[in-house]
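Okay, so here's the structure we're looking at.
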There are 2 protein chains.
Amino acid sequence: MRLTHQREEILSFLRSRRAHFNATEIYDAVRARIPNISLGTVYRNLGKLVEDGEIITVETENRSIYYDGYIAPHTHFVCNGCGHIYDFEDEEHSFKPIKDQGFTINKQRTVLYGICTECNKKNKK
Amino acid sequence: MRLTHQREEILSFLRSRRAHFNATEIYDAVRARIPNISLGTVYRNLGKLVEDGEIITVETENRSIYYDGYIAPHTHFVCNGCGHIYDFEDEEHSFKPIKDQGFTINKQRTVLYGICTECNKKNKK
DNA sequence: CTCCTTATCAGTAATAATTCCTATTACTAT
DNA sequence: ATAGTAATAGGAATTATTACTGATAAGGAG
């Protein structure tokens with residue numbers, strides 16, 4: 001995998017921010033540094049970076065896929081009030097019964113939905 | 001919420017099969033019984049049924065949303081070999097640290113990805 | 001440093017999934 | 001029966017993502 005300028009910018013953007021972005025948001029952010037980058041390039045590189053394990057995807061009930069430069073296993077919380085995605089430590093999961101049946105687990109995703117602390121405070125007022 | 005013929009057929013189809021279907025598959029299945037039902041109607045009713053808690057959605061790394069008539073909390077396993085989605089019991093999760101911070105959790109989704117027992121067997125041959 | 005191969009690029013067209021719109025029909029309560 | 005509301009079929013529109021094409025540039029060999 002060649003380390004192109006475009007790929008470098010996309011990866012460093014995702015690594016520099018502990019947040020979750022969809023392809024369009026990444027496109028807009030990277031365009032500030034590479035004005036004529038195309039959306040197709042963003043998608044292609046995001047795909048390659050995921051394949052390579054440099055970043056991960058977060059699938060939620062929202063329509064678009066979010067990309068995350070923080071790749072250690074963790075749980076996501078989507079706030080249905082403000083839409084923000086929060087990171088939390090994973091609780092212990094062994095998935096032993098599943099593995100014992102002969103299933104190979106390569107990837108694990110947990111997404112919680114609800115209302116975050118901030119939005120809960122606002123609602124009380 | 002009116003229990004229309006269309007809504008009834010969609011719901012009973014999902015309840016009768018312990019499997020996971022996307023909107024097009026449900027459309028095709030229900031069309032066998034209501035030939036002139038429209039895809040828009042299928043989507044609208046799926047949305048209402050989800051809102052009402054009669055069915056749940058499963059978001060995966062595949063592009064389309066899957067709908068599930070089995071609403072008790074459970075974990076999904078997506079096989080990257082055959083594409084089949086399996087159901088498993090949830091392990092115990094308290095999410096206590098998250099709740100203690102003032103977050104309200106309304107919904108929890110865990111999706112595992114890997115290779116199922118059947119596909120593992122086939123690969124060995 | 002220069003050449004060469006080939007992955008990658010920008011730009012654009014195509015596809016797929018989902019949502020929206022409009023005229024019409026069905027149900028409910030008066 | 002009538003008015004008012006909710007749901008429908010059918011199709012158009014939107015959104016997210018992928019595929020295609022000729023041009024460009026990354027990285028290795030000499």
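The chains referred to below are lettered A, B, ... by the order of the sequence lines, with proteins before strands, and numbering in each begins at 1.
B:R7 has its side chain out of reach of B:I10: every pair of non-hydrogen atoms, C-beta onward, lies at least 4.5 Å apart. Residues A:E61 and B:R109 form no side-chain contact, since every pair of their non-hydrogen atoms from C-beta on lies 4.5 Å or further apart.
Phosphate proximity of C:dA7 to A:K48: absent, as no side-chain N or O sits under 4.0 Å from OP1 or OP2. Taking 4.0 angstrom as the limit, B:S38 places none of its side-chain polar atoms (N or O) nearer than this to OP1 or OP2 of D:dG10.
Side-chain N/O atoms of A:R15 and A:S12 include no donor and acceptor closer than 3.5 Å.
Residues that satisfy the ring pair (Phe, Tyr, Trp, His ring centres under 6.0 Å) test with B:F95, not counting sequence neighbours, are B:H93.
Closest contact between the side chain of B:R63 and the listed nucleotides C:dA17, D:dA9, C:dA10 involves C:dA17. For A:N45, the listed nucleotide lying nearest its side chain is C:dC9; candidates were D:dA9, D:dA7, C:dC9.
Among the heavy atoms of the strands lying under 4.0 Å from A:S64 are primed sugar atoms or P, OP1, OP2 only; no base atom is included. B:L39 comes within 4.0 angstrom of a nucleotide base, judged by non-hydrogen atoms across all strands. Within the nucleic acid shown, A:N22 has no heavy atom closer than 4.0 Å to any nucleic acid atom.
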Could you tabulate the donor-acceptor pairs under 3.5 Å formed by side-chain atoms of residues 66-73 of chain A, not counting sequence neighbours?
residue	atom	partner	partner atom	Å
A:D68	OD1	A:Y70	N	2.9
A:D68	OD2	A:H20	NE2	3.1
A:D68	OD2	A:H74	NE2	3.1
A:D68	OD2	A:H76	NE2	3.2

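Rounded to whole angstrom, the span from the CD1 atom of B:I34 across to the P atom of C:dA26 amounts to 13 Å. Between the CG atom of A:L46 and the P atom of D:dT18 there is a distance of 10 Å, given to the nearest Å. For the pair B:I10 CD1 and D:dA7 P, the interatomic distance rounds to 13 Å; values are reported in whole Å. The distance between atom OH of B:Y43 and atom C1' of D:dG11, rounded to the nearest whole Å, is 15 Å. Atom-to-atom, CD of B:E61 to C1' of D:dA16 comes out at 17 Å; the value is rounded to the nearest Å. For the pair B:R31 CZ and D:dG10 P, the interatomic distance rounds to 10 Å; values are reported in whole Å. Taking atom CD1 on A:I65 and atom P on C:dT18, their separation rounds to 12 Å, with Å as the unit. Taking atom CD of residue A:E25 and atom P of nucleotide D:dT15, one finds them 15 Å apart after rounding to whole Å.
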Counting primed atoms, P, OP1 and OP2 as sugar-phosphate and everything else as base, the B/S/- map of nucleotides 20-30 of chain D against protein heavy atoms under 4.0 Å is -----BBS---
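Judged purely by atom type and a 3.5 angstrom limit, A:E25 uses its side chain to pair as donor or acceptor with the backbone of A:N22.
Projected onto DNA chain D by closest heavy-atom contact, B:T41 and A:A23 fall at different nucleotides, the more 5' of which corresponds to B:T41.
Checked against B:T75 for a side-chain hydrogen bond (donor to acceptor under 3.5 Å, both in side chains), the options B:D87, B:T110, B:D90 give a single hit: B:D90.
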